[in-house]
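Inspection log for the structure reproduced underneath, given as structure tokens.
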Amino acid sequence: MQKTINGAMLKSMILTAARLLENNRTTIDSLNVFPVPDGDTGTNMTLTIQSAVKEVLNCKTNKISDVAECISKGALRGARGNSGVILSQVLRGFCNTVKDANEIDSKLFAKGLSAGAEIAYGAVSKPKEGTMLTVARMVAEHAQSIRFKQRDLEVFLAEIVKKANEAVELTPTLLPVLRKAGVVDSGGKGLTCLYEGMYKAIMGETVEGTTAMPESTSSAETAMEHADIMALGNIEFAYCTEFFIINLNKKTTITDIERLKEYLMTIGDCVIVIGDLEMVKVHVHTNQPGAALTRALMLGELDRLKIENMLEENRALKKKYEEEKKPMGMVAVSAGDGLTSIFKDLMVDGVVEGGQSMNPSASDIAESVQRVNAENVFVFPNNKNIILAAEQAKSLVTNKTIHVVPTKNVPQGFAAALAFNPDLTVDENKANMIHALDSVTVGQVTYAVKNTRVDGFDLKIGTIMGLDSKKILCTGKDLSLVALELIEKMRGNEEMITLYYGKDVPESDAEALKEIIEEKYPSCDVDIHYGGQPIYYYYISLE
């Protein structure tokens, strides 16, 4: 087990992290729920870390002090957008902490992560939880808690990656705009790539890719790929202004830099002023870019000026949204990542998380409908207890028409989605969808949560039950036997049997059950899919 990191390994860690971030750049971009003003997060973070890579590749020694300085200065010089700047500060805090060491152990690594998180928070004028700042902080706190317990760096970094992923999954609960969009924070996801890349390097894993600088894409072009009309509100400050202050005047002090930051906060927002008396990076959204530049000139020379008109970008996004509007779209309610993936494969535009144990509200459904760029939206509740909420969502949406298809379970939702034909009219599609519900017979295998008597069965807590759409058909203690009995009781002349297994069913058990069904019903096609749903061991569809 590896106890310490030297300069050569630190180089390898930053190069591997850069390749992993580049490989995930498009995915991270797609999570961006703020199409204006700062471009795409994945691209900005990639360009930032690649600037650090450029410096590292030119570093002639493997001394930690030299490598750390190259990473820190390279990231600062290349920092782009809010996410890139925050990434540069995470790296800066880490590098400043480890630069005087001959080797880095878990204790020093944890201290570096804490310094990086602290400096990153300080770089943002109004820090928000639910962003990459939260991920950096939670990772740092966890690192501090395990720095003595996990001295083996392979184990230590594995824990770091695990905590980063947990923090990313938590971001929608902290930031409402993420919850509305149904995504995690893009910057947090990018930061996770940094930690994971470091872990892969220390484990000796190779990440395919190059360390070449990716081609920069204008923020308007990349953002337009993911235009979300719900995020295109009115812009208070029109100009995204970025620049460096170099060759600072001899009389300039750290206090002067802080005063510049305070001034910029009075004429704009999204203010970031970072650096030292050698170089300062400035970012601000303002209606007075000239005033910002004039004030900065009091400290030194200006370099790499960039001023973008966010109003024009906003108009372009709204125009693109209108041009891409389609006649019809679909929204489904789903519980289980496997089921959600299937709905997306069936070209369903939006998925609302929910099901038997967590019914989504009318507002949740309405929000998902609003994000679909279509004039008419078909909604599949996929549960009899959610149909009414879907109907109530109609009154919450005024700019498009909701058509509720009364699906009572997920397999019916799949059947309705399969019946969709974009070449037909709205009425024809709805009629075909409703007709498709009758083509599928659905059973569910679950368990009793209390002692009771229902449908002639005496149930105990934990008893496995097989149900059709109306009542309990069979019970037992063996999951596979109950599923087989349920199929036998439901089956008519159907030629296809499909099982969607839940999160508590091992894939091997589902495969074994499939083989038994195939042997018992040789004339039927039998298929299984991972559903990942809670509560229900199996959804069984007969067609």
Side-chain angles (χ1 to χ4, degrees), residues 14-56 71 74-91 120 123-124 131-133 135-136 168 171 177-178 181 183-197 207-228 231-232 239-244 270 272 274 281-283 285 304-310 312-314 316-317 320:
I14 200 70
L15 296 177
T16 305
R19 283 192 290 269
L20 191 63
L21 190 52
E22 165 64 20
N23 292 345
N24 288 275
R25 178 162 58 114
T26 302
T27 299
I28 297 168
D29 282 345
S30 69
L31 295 174
N32 183 25
V33 296
F34 304 104
V36 174
D38 287 319
D40 281 336
T41 301
T43 297
N44 286 336
M45 295 183 75
T46 299
L47 291 168
T48 298
I49 199 169
Q50 291 290 6
S51 180
V53 164
K54 183 178 179 181
E55 295 291 331
V56 168
I71 294 172
L76 178 59
R77 290 181 184 277
R80 295 174 181 243
N82 287 345
S83 57
V85 168
I86 292 171
L87 174 61
S88 75
Q89 296 309 285
V90 170
L91 291 171
V124 181
T131 65
M132 63 188 294
L133 291 172
V135 177
V168 169
T171 56
V177 69
L178 296 177
V183 297
V184 297
D185 179 65
S186 54
K189 189 70 173 177
L191 197 56
T192 301
C193 286
L194 173 70
Y195 304 133
E196 187 176 352
V207 175
E208 298 297 329
T210 67
T211 52
M213 294 287 282
E215 183 178 350
S216 178
T217 309
S218 74
S219 60
E221 291 174 348
T222 53
M224 286 172 66
E225 296 178 6
H226 318 294
D228 180 352
L232 302 182
Y239 299 97
C240 176
T241 306
E242 286 186 305
F243 55 88
F244 285 91
C270 296
I272 297 177
I274 55 175
K281 166 86 172 183
V282 177
H283 172 279
H285 296 167
R304 302 187 197 180
L305 279 72
K306 184 184 74 170
I307 301 176
E308 293 183 348
N309 183 345
M310 297 186 296
E312 182 59 25
E313 294 173 1
N314 189 271
L317 285 165
K320 181 176 177 63

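Numbers for residues simply follow the sequence, beginning at 1.
Note: E242 CD to E308 CD = 7.5 Å, rounded to the nearest 0.5 Å. Rounding to the nearest 0.5 Å gives a distance of 10.0 Å between OG1 of T171 and NZ of K189. The structure places CD of Q89 at 9.0 Å from CD1 of I86, a figure rounded to the nearest 0.5 Å. Rounded to the nearest 0.5 angstrom, T46 OG1 and L20 CG are separated by 10.0 Å. How far CG of L191 is from CD of E196: 12.0 Å, rounded to the nearest 0.5 Å.
At a threshold of 4.0 Å, the pair E22-R19 does not count as salt-bridged, since none of the basic side-chain nitrogens sits closer than that to a carboxylate oxygen.
Across M132 and D185, no two heavy atoms sit closer than the pair N-OD2, 3.0 Å. Taking each heavy atom of C270 and H285 in turn, the nearest pair found is SG-ND1, 3.3 Å. V53 approaches A18 most closely through the heavy-atom pair CG2-CB, 3.4 Å. A pairwise comparison of heavy atoms in L91 and A75 identifies CD1-CB, 3.9 Å as the closest pair. Counting all heavy atoms, side chain and backbone alike, S83 lies closest to N44 at OG-CB, 3.6 Å. Closest non-hydrogen pair, L21 versus C193, comes out as CD1-CB, 3.9 Å.
In terms of modelled atom types and a separation under 3.5 Å, the side chain of S51 and the main chain of T48 share no donor-acceptor contact. No donor-acceptor distance shorter than 3.5 angstrom exists from the side chain of S186 to the backbone of D29, with no hydrogens or angles considered. Here the side chain of T192 pairs a donor or acceptor atom with the backbone of G188 at under 3.5 angstrom.
Checked against side-chain contact (heavy atoms from CB on, under 4.5 Å), I307 has the following partners two or more places apart in sequence or in another chain: Y239, T241, P289, L293. Every residue two or more places apart in sequence or in another chain that forms a side-chain contact (heavy atoms from CB on, under 4.5 Å) with A17 is listed here: I49, L194.
Looking only at side-chain heavy atoms (C-beta outward), I272 and K281 stay at 4.5 Å or farther from each other. Proximity of R25 to T43: side-chain heavy atoms (C-beta onward) are separated by under 4.5 Å at one or more points.
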